[in-house]
Protein chains: 2
Amino acid sequence: MNQNEDDTCQIKYVNHELVTALLKSQHDNKIVSGLAEIFGVLADPTRLKICMFLSESELCVCDLAGMLNISESAVSHQLRLLRSLRIVKYRREGKMAFYTLDDNHITSLIKQGLDHAKEKGE
Amino acid sequence: MNQNEDDTCQIKYVNHELVTALLKSQHDNKIVSGLAEIFGVLADPTRLKICMFLSESELCVCDLAGMLNISESAVSHQLRLLRSLRIVKYRREGKMAFYTLDDNHITSLIKQGLDHAKEKGE
DNA sequence: CAAACACCTGAGCAATCGTTCAACTATAAT
DNA sequence: ATTATAGTTGAACGATTGCTCAGGTGTTTG
């Protein structure tokens, strides 16, 4: 017979005390979502490279497009996303827009991630 | 007249020296891809929560499914992915499989990310 | 053995993502 | 004013993602 909603696992929790403790000490869902969003920004190679380049120097859309070998449109789309998340900011100079990182956290996250990526062959 | 392949930006690079220097000091593409992959793992709330829970304690599939309120199948699929990237490992005990983190790097990445996510209202 | 159980897996589907294309804005130069 | 240029934007597309569903392992219990 089935006491639970599912027909898969019969036991409510294998270690009830542990599980409830973990659930209680769990972070707020908004924080977890925000964290996932930050990681999501860095999960795309194009955006990651943009952030890595911008962490080194201020750059215009044109140069980023050339460096990444994709269209300016694609770069602009990604920059808009990064802008909306306050990860980059920009400065207008005539026709051109020069972008920089607006969030130093990103740089340190990338640095820490790099250490791990390097030591893993994968 | 156009010297480049594209018809978008006419100048090859606004700051040629800077750009070539950045391109030269750029990390190997494999490393960047690997890094993006790591961030991608943590970009999904379900996987992120799994990693956060497993960084606290060893847990079986059944409990994870209950804690996350999704099917065991969904958990199993995600665990397979995490297994293939050597982020989690598991221990069989009878019918049950107990999972733990296989990569401490993940824990420190999450910790660092959390500090940033918390201080940002977003 | 057969039934129950914890977990795994492949197929399929809706939703999301990253890019290109074409059209648009805004600034600069002739 | 006309033209060119740097950048932005919306639509559309192909690809990927995360889930459910149904069926399949392998282990344990009766």
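Not measured: the values here are computed from a predicted model. Every chain is numbered from 1 and lettered A, B, ... according to where its sequence line falls, protein lines coming before strand lines.
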B/L68 CG to D/dT20 P: how many Å, rounded? 11 Å
When the distance from CD of B/E37 to C1' of C/dC17 is rounded to whole Å, what number comes out? 17 Å
Counting only side-chain nitrogens and oxygens, does A/Q78 get under 4.0 Å of the OP1 or OP2 atom of C/dT19? yes
Is any side-chain heavy atom of B/I110 closer than 4.5 Å to a side-chain heavy atom of B/S55? no
In residues 97-104 of chain B, what donor-acceptor pairs under 3.5 Å come from side-chain atoms, sequence neighbours left out?
residue, atom, partner, partner atom, Å
B/Y99, OH, B/R83, NH1, 2.8
B/D103, OD1, B/H105, N, 2.9
B/D103, OD2, A/K120, NZ, 3.4

Please state how far atom CG in B/L82 lies from atom C1' in C/dT9, giving the value in whole angstrom units. 16 Å
With a 4.5 Å heavy-atom cut-off, do B/Y90 and B/V61 have their side chains touching? no
Within the structure provided, determine whether B/D28 and A/K118 are in side-chain contact (heavy-atom separation under 4.5 Å). no
CG of B/L81 versus C1' of C/dT9: gap in Å, rounded? 14 Å
So does A/L82 get a backbone contact from the side chain of A/R80, meaning a donor-acceptor N/O pair under 3.5 Å? no
Value in whole Å for how far the P atom of C/dC17 lies from CG of A/L48: 17 Å
Rounding to a whole Å, what distance do you find between B/K49:NZ and D/dC19:P? 10 Å
Could you tell me whether a side-chain N or O of B/R47 sits under 3.5 Å from a main-chain N or O of B/G40, the two making a donor and an acceptor? yes
Measure CZ/A/F98 against P/D/dA6 and give the value in whole Å, please. 11 Å
Among C/dC7, D/dC19, D/dT20, the nucleotide that comes nearest once only the side chain of B/C60 is considered: C/dC7
Could you tell me how far apart A/K95 (NZ) and D/dA4 (P) are, to the nearest whole angstrom? 12 Å
Enumerate all atom pairs, one protein N or O and one N or O from nucleotides 8-14 of chain D, separated by less than 3.5 Å.
residue, atom, partner, partner atom, Å
D/dT8, OP1, A/R83, NH1, 3.4
D/dT8, OP1, A/Y99, OH, 2.5
D/dT8, OP2, A/S76, OG, 2.8
D/dT8, O5', A/S76, OG, 3.2
D/dT9, OP2, A/R83, NH2, 3.3
D/dT9, O4, A/S73, OG, 2.6
D/dG10, OP2, A/R80, NH1, 3.0
D/dG10, O6, A/H77, NE2, 2.8

